[in-house]
Protein chains: 2
Amino acid sequence: MRVTNARNLHGHVTQELGVRIVSGQLRPGEILPREETLAEQMAVSRTALREAMRVLSAKGLVEARPKVGTRVRDERYWHQLDADVLAWRCASMPPADFVEKLVQMREIFEPAAAALAARRCDASQLKEIELAYLAMEASRNSDEWAVADLQFHEAVLIATNNELMSSLFSVVETALGSFFVQSARKSGDFKYSLPYHRQVFDAIRRKQPEVARRAMQQMIVDARANMTGKRRTRKSA
Amino acid sequence: MRVTNARNLHGHVTQELGVRIVSGQLRPGEILPREETLAEQMAVSRTALREAMRVLSAKGLVEARPKVGTRVRDERYWHQLDADVLAWRCASMPPADFVEKLVQMREIFEPAAAALAARRCDASQLKEIELAYLAMEASRNSDEWAVADLQFHEAVLIATNNELMSSLFSVVETALGSFFVQSARKSGDFKYSLPYHRQVFDAIRRKQPEVARRAMQQMIVDARANMTGKRRTRKSA
DNA sequence: TCTGAGCATATTGTATGATTATATAGACGC
DNA sequence: GCGTCTATATAATCATACAATATGCTCAGA
C-alpha cells in the first residue's frame with residue numbers, strides 16, 4: 001500500500017504531515033507554522049520540508065502563498081483517490097462508514113470490470129486470472145488466501161484493458177485488503193468464496209459478460225454480508 | 001482542469017516534464033540527464049527542478065536513485081487517476097481509444113451514482129442539482145450549457161455522499177468536459193439532452209434509485225452515440 | 001470620514017554552493 | 001571464477017542568501 005517512499009527524508013516528512021492532516025489533527029483552514037520554524041520542529045532542513053510540501057500540495061492537501069503562509073485546504077479539494085491520502089486515512093482508524101464507502105465503490109466497478117474482462121481480455125490476461133484462481137485454491141491458510149485473492153481481483157481489473165480501471169485496484173482494493181482477511185476469517189472457512197471466484201473465472205473464459213457481472217456482484221454482496229455480520233443489501237446496491 | 005499550479009516555476013517544470021513523459025517523448029526506462037544539466041537545460045535552479053521531480057515521483061512517473069539517475073517508470077506504475085496525469089494525457093492529443101476508456105468509466109459509475117444520490121442525498125444537495133438543471137435550461141449557448149452540464153454531473157456525484165465518488169468527477173468528468181461540448185455541437189441542438197437530465201433530477205428528487213440509474217444510463221449511451229457518430233453499444237455496456 | 005495609492009513587511013519562492021549518503025561498477029585478492 | 005573492497009557518479013540533504021509576492025497599514029487628498 002505504501003506509495004510515498006519513506007526511505008527518503010522528505011518521504012518521512014510527507015507522511016508525517018499527511019497523516020496529521022488527514023487524521024484531522026491539523027484542520028482545514030488552519031495555517032501551518034512558517035517553513036523555517038516547521039523545519040526546525042521536525043529537525044530537517046527547509047529544503048526537505050519544502051519538497052514534502054510540494055507533494056502534499058500536489059495531493060490537494062495544502063496550499064502555499066507568499067506572505068500568508070501554508071494553509072490546509074478544505075477536504076473537498078483533497079485527492080481522495082490518491083493512494084497515499086487513502087492510506088493515511090486508513091492508518092488513522094477509519095470509521096466504519098469510510099470502509100462502507102470503499103465497499104460501495106467496489107460494488108460499482110468490480111462487476112462492471114468482470115463484464116469488460118469477459119469481452120476484452122486476451123489469452124495472457126486470462127492466464128493471469130487462472131493462475132490467481134489456482135493459487136486461491138491451493139492456499140493453506142488465510143494469509144496465502146488473502147494474497148491470492150487480491151491477485152485475482154487485480155488480474156480481472158487488468159484484463160479490462162482499461163488502465164483507469166486497473167488504477168482503481170491500487171487505490172480501492174489495496175485499501176480493502178485487510179478487510180478481505182477479516183471477511184474470510186469471520187466466515188470460519190476462509191475459502192468460502194472460492195466457488196464465486198470460479199464462476200467469475202469461468203464466465204470470463206467463456207466470454208460471457210453478463211454471467212461474469214452477476215457472479216462478481218453476488219460475490220461482493222456476500223462478502224459485505226459476511227463483513228458487517230448481518231446487513232444485506234438488495235442486489236441493485 | 002488545471003491542478004498543478006503553473007504560477008510557480010516548479011509548477012511549470014512539473015508540467016513541462018510531465019507532458020514530455022506522458023506524451024511519450026520521454027519513454028519508460030529512459031534515464032533523464034542529471035539534475036545539474038537538466039536544470040541548466042531548462043534554465044532553472046536545481047531547487048526548482050528537484051521540487052518538480054518530487055511531484056512527478058509522487059505521481060509514479062519517475063523514480064530517482066543515487067548513482068543511477070532518474071528513470072521514467074513503466075506506465076503501469078503511473079497514477080492514471082491523478083488529475084494532472086490525465087490532463088497531460090488529454091493535452092497530448094488523446095487517441096480515440098483513450099477517450100473511449102474515459103467514457104467507459106462514466107458509463108460504469110455515473111448511473112450508479114445517480115442511484116446512490118436518489119437514496120442518500122439531503123435537501124441542500126438536491127437543491128444544487130436543481131440549480132444546475134435550471135442553469136442548463138436557461139443556457140443561451142453551448143458554452144453556458146457546457147458549464148451547467150458539468151455542474152449538474154458534479155452535483156449528482158457529490159449527492160452520493162461518498163467523497164471517493166465525487167473525486168471521480170474532478171478526474172474523469174473534467175477530462176471529458178471538452179467532449180461534452182463536442183457531443184452537444186454534433187447534435188445540432190446543444191440542449192438535446194435536457195429531457196434526460198430532467199428525468200434524472202426528478203427521479204433523485206422522488207427517491208427512485210432505479211429510475212435515476214436508468215435515466216442516467218440512457219443519457220450516457222445517447223451521448224456516446226452522438227459523439228462517435230454512429231457506434232451504439234447495447235444497454236448493458 | 002472615506003478613498004485610494006503606495007510603502008513596509010512577512011512569508012514563500014528561487015538560486016547557489018557545499019557536504020553526505022547511496023548504489024553501481026570496477027579492481028583486487030582469494 | 002567468485003566474493004569483497006574501493007572508487008566514483010549521482011541523488012539527497014543542508015545552509016544561506018536573495019527575489020517575488022501578497023497583505024495590511026500609513027497617509028495624502030477629496
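Proteins come first, then strands; the chains are lettered A, B, ... in the order of their sequence lines, and each starts at number 1.
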Item to check | Derivation of the side-chain contact (heavy atoms from CB on, under 4.5 Å) call for B:Trp88 and B:Lys59 | outcome: CA-CA 12 Å; B:Trp88 296 333; B:Lys59 294 179 188 304; 4.1 Å; yes
What integer distance in Å separates [X]:[atom1] from [N]:[atom2]?
X	N	atom1	atom2	result
A:His12	D:dT13	NE2	P	10 Å
A:Glu40	D:dA15	CD	P	10 Å
B:Met53	D:dT13	CE	P	15 Å
B:Arg34	D:dA12	CZ	P	13 Å
B:Glu63	D:dT10	CD	P	17 Å
B:Leu49	D:dT10	CG	P	15 Å
A:Arg50	D:dA12	CZ	P	17 Å

Item to check | Gap separating the CG atom of A:Leu176 from the CG atom of A:Asp149, nearest 0.5 angstrom | outcome: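 Interatomic distance, A:Leu176 CG to A:Asp149 CG, rounded to 0.5 Å: 11.0 Å.
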Next on the checklist: Within 45 degrees of the ring normal and closer than 6.0 Å to the centroid, is that where the cationic atom of A:Arg106 sits relative to A:Phe109?
Outcome noted: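 Not flagged: A:Arg106 not positioned over aromatic ring of A:Phe109.
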Checklist entry - Is the distance from OP1 or OP2 of D:dA12 to the nearest side-chain N or O of A:His10 less than 4.0 Å? => result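 The answer is no; no side-chain N or O of A:His10 sits under 4.0 Å from OP1 or OP2.
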Item to check | A:Arg46 vs D:dT16: side-chain N/O to OP1/OP2 distance below 4.0 Å | outcome: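 So the side-chain polar atoms of A:Arg46 never come under 4.0 Å of the phosphate oxygens OP1 or OP2 of D:dT16.
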Item to check | is_close_aromatic(A:Tyr133, A:His197), centroid dist under 6.0 Å | outcome: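 No; A:His197 has its ring centre 6.0 Å or more from that of A:Tyr133.
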Checklist entry - Within the distance-only criterion (no hydrogens, no angle test), does the side chain of A:Asn162 pair as donor or acceptor with the backbone N or O of B:Lys101 below 3.5 angstrom? => result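 Side chain of A:Asn162 to backbone of B:Lys101: a pair is present.
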Checklist entry - What is the 5' to 3' range of DNA chain C, first to last nucleotide, that sits under 4.0 Å from any heavy atom of chain A? => result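 Here the contact window of chain A covers C:dT9 to C:dA23.
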Item to check | Between B:Gln125 and B:Arg120: side-chain donor-acceptor atoms closer than 3.5 Å | outcome: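 Short answer, no.
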Next on the checklist: Under a plain distance cut-off of 3.5 Å, with no hydrogens placed, do B:Asn8 and B:Glu51 share a side-chain donor-acceptor pair?
Outcome noted: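 Result is no, nothing qualifies.
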Checklist entry - Nearest nucleotide by nearest heavy atom, which residue falls closer to the 5' end of DNA chain D, B:Thr47 or B:Arg54? => result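 Its nucleotide being nearer the 5' end, the pick is B:Arg54.
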Checklist entry - Relative to the 5' end of DNA chain C, which residue comes earlier, B:Val44 or A:Thr70, by the nucleotide with the nearest heavy atom? => result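 Of the two residues, A:Thr70 wins.
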Checklist outcome for this item: The contact string for nucleotides 19-27 of chain D, one letter per nucleotide 5' to 3', using protein heavy atoms under 4.0 Å with B, S and - for base, sugar-phosphate only and none, comes out as --BBB----
